[in-house]
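Beneath this line is the structure, given in structure tokens, with notes to follow.
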There are 2 protein chains.
Amino acid sequence: MATRTSIGAKRERARRNTAESILDVAEQLVQSRGFNAFSYADIANTLGVTKASLHYHFPGKAELGHALLARYARRFADALAEIDRGRLPAPDRLAAYAELYATTLRRRRMCLCGMLAAEFATLPKPINEAVVAFFDDNERWLMSVLEQGRADGTLEFEGPAGDTARMIIGSLEGAMLVTRPYGDVGRFNTTVAALLASLEPQA
Amino acid sequence: MATRTSIGAKRERARRNTAESILDVAEQLVQSRGFNAFSYADIANTLGVTKASLHYHFPGKAELGHALLARYARRFADALAEIDRGRLPAPDRLAAYAELYATTLRRRRMCLCGMLAAEFATLPKPINEAVVAFFDDNERWLMSVLEQGRADGTLEFEGPAGDTARMIIGSLEGAMLVTRPYGDVGRFNTTVAALLASLEPQA
DNA sequence: GTCTATAGGCAGATAGAC
DNA sequence: GTCTATCTGCCTATAGAC
């Protein structure tokens, strides 16, 4: 049968590249405008193809969104793994983590999951579940950094590490959210500096 | 001429009440679903009137949104004035401020301006300007509380009060944003507790 | 003030040719 | 894989009767 597994490797690569291009454009649109504020027509016009063509790669908007989120979560996990690879002290890992957000903001984008969290009440269930999973992953990673930092004395905070992890995620997402209307990254940076400083051990 | 000033006071009141009801429903929809995810049809169905009737009170969605924001900002300012009226110590004022957010969250809503900040790139200019003005107002109020607290020794923080004010706004907005997918207000409360504790003078 | 009726556009989606 | 053509439905908005 003429399934995808039987088509040539070259074509398969082309198909994947098209799909990736679609996700690239969709990602930019969702992160800057929101899931409910972009259409297949937007992507089609940007790429110079028709809407029908997009439906070949992603049957519907829900599937596109889910694929988008899966890729985003994978990349984010890779970025965290890359930070870990450096074997940096805990405070430096936190700074590197915050820098991931700053980079997104400099591209005038909101965190994908922060945007989707705002639209949560209107999204398909699979997308919602992936959003929660994303935050859970972030929380776990931060918890381990925080606990390590507290153990070796490079970080200082009270209560469960999970609470502080949640506070960090919330603060970074919120700083992004409020900063974007001002278009001023400095606004974000001062908040991050204050946040990281509050976790430093008292002299 | 048959302007609004010439109609009876009774009718004028009825008109205002209808307009208020429309704003009530719109507010609920925007805060839970977003400006781009509700329609005149949603409001009309909820109130049991037709879409055309809504257009009598608010010519278009942009005007409705602007009126909504104006009312919200006015009420928020009133709430802040009410907090000031109590002449509480600075830390208590901050707690009361955070409680405004908590109340919104308990009603399963996002801060109106936090939601609109997410959708910023897609909104009419007048709405965007009102969103920025709202955050500016909040920042000013927090600044004065923070400075007063630092002066009388009830609060402790480093750097300009404006930076800490921005951090507080961002943290509260972000905590709301991330908490909503979990539907667990406790998540929000732990962040707020940590935030307020970090501003307490060191023992 | 609220209604019916309707315009005009864009959304997401599908069928079928190439 | 991408196209043209088309469907259906919902959107914002308006005209005009009551």
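We name chains A, B, ... by the order of the sequence lines, and we start the count at 1 in each one.
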Worksheet item: Within this structure, what is the CD-to-C1' distance between Glu12(B) and dG1(C), rounded to whole angstrom?
Response: 12 Å

Worksheet item: Of the residues in residues 26-34 of chain A, which ones touch DNA chain C at a heavy-atom distance under 4.0 Å?
Response: none

Discussion item. At under 4.0 Å between heavy atoms, how does the protein contact nucleotides 8-16 of chain C? Give one character per nucleotide, 5' to 3', with B, S or -.
Written reply: ---SBBBB-

Worksheet item: Are any of the side-chain nitrogens in Arg150(B) or Glu156(B) under 4.0 Å away from the carboxylate oxygens of its partner?
Response: no

Worksheet entry | Between P of dA15(D) and OH of Tyr56(B), the distance in whole Å | 16 Å

Discussion item. List the residues meeting side-chain hydrogen bond (donor to acceptor under 3.5 Å, both in side chains) with Asp92(A), not counting sequence neighbours, and say none if there are none.
Written reply: none

Worksheet item: With no hydrogens and no angle check, is any side-chain donor or acceptor of Asn128(A) less than 3.5 Å from a backbone partner on Phe120(A)?
Response: yes

Pairs of donor and acceptor atoms involving the side chains of residues 188-198 of chain B, under 3.5 Å and at least two apart or interchain, shall be tabulated with distances.
| from | atom 1 | to | atom 2 | distance (Å) |
| --- | --- | --- | --- | --- |
| Thr190(B) | OG1 | Arg187(B) | O | 3.0 |
| Ser198(B) | OG | Leu195(B) | O | 2.7 |

Discussion item. Under the salt bridge (Lys or Arg N to Asp or Glu O under 4.0 Å) definition, can you give me all pairs with a residue in residues 112-130 of chain A, not counting sequence neighbours?
Written reply: none

Worksheet item: How about Tyr72(A) and Phe134(A): are their ring centres within less than 6.0 Å of each other?
Response: yes

Item to complete: Could you name each residue pair satisfying side chain to side chain donor-acceptor pair (under 3.5 Å) that touches residues 105-118 of chain B, not counting sequence neighbours?
Response: Gln31(B)-Arg109(B), Glu99(B)-Arg106(B)

Practice prompt. Take atom NE2 of His57(A) and atom P of dG1(D), then tell me their distance rounded to the nearest Å.
Written response: 7 Å

Worksheet item: Between Leu54(A) (CG) and dC3(D) (C1'), how many Å, whole number?
Response: 12 Å

Worksheet item: Quick one: is dC3(C) close enough that its OP1 or OP2 comes under 4.0 Å of any side-chain N or O from Thr50(B)?
Response: yes

Worksheet entry | Asp78(A) with Arg85(A): basic N within carboxylate O range, under 4.0 Å | no

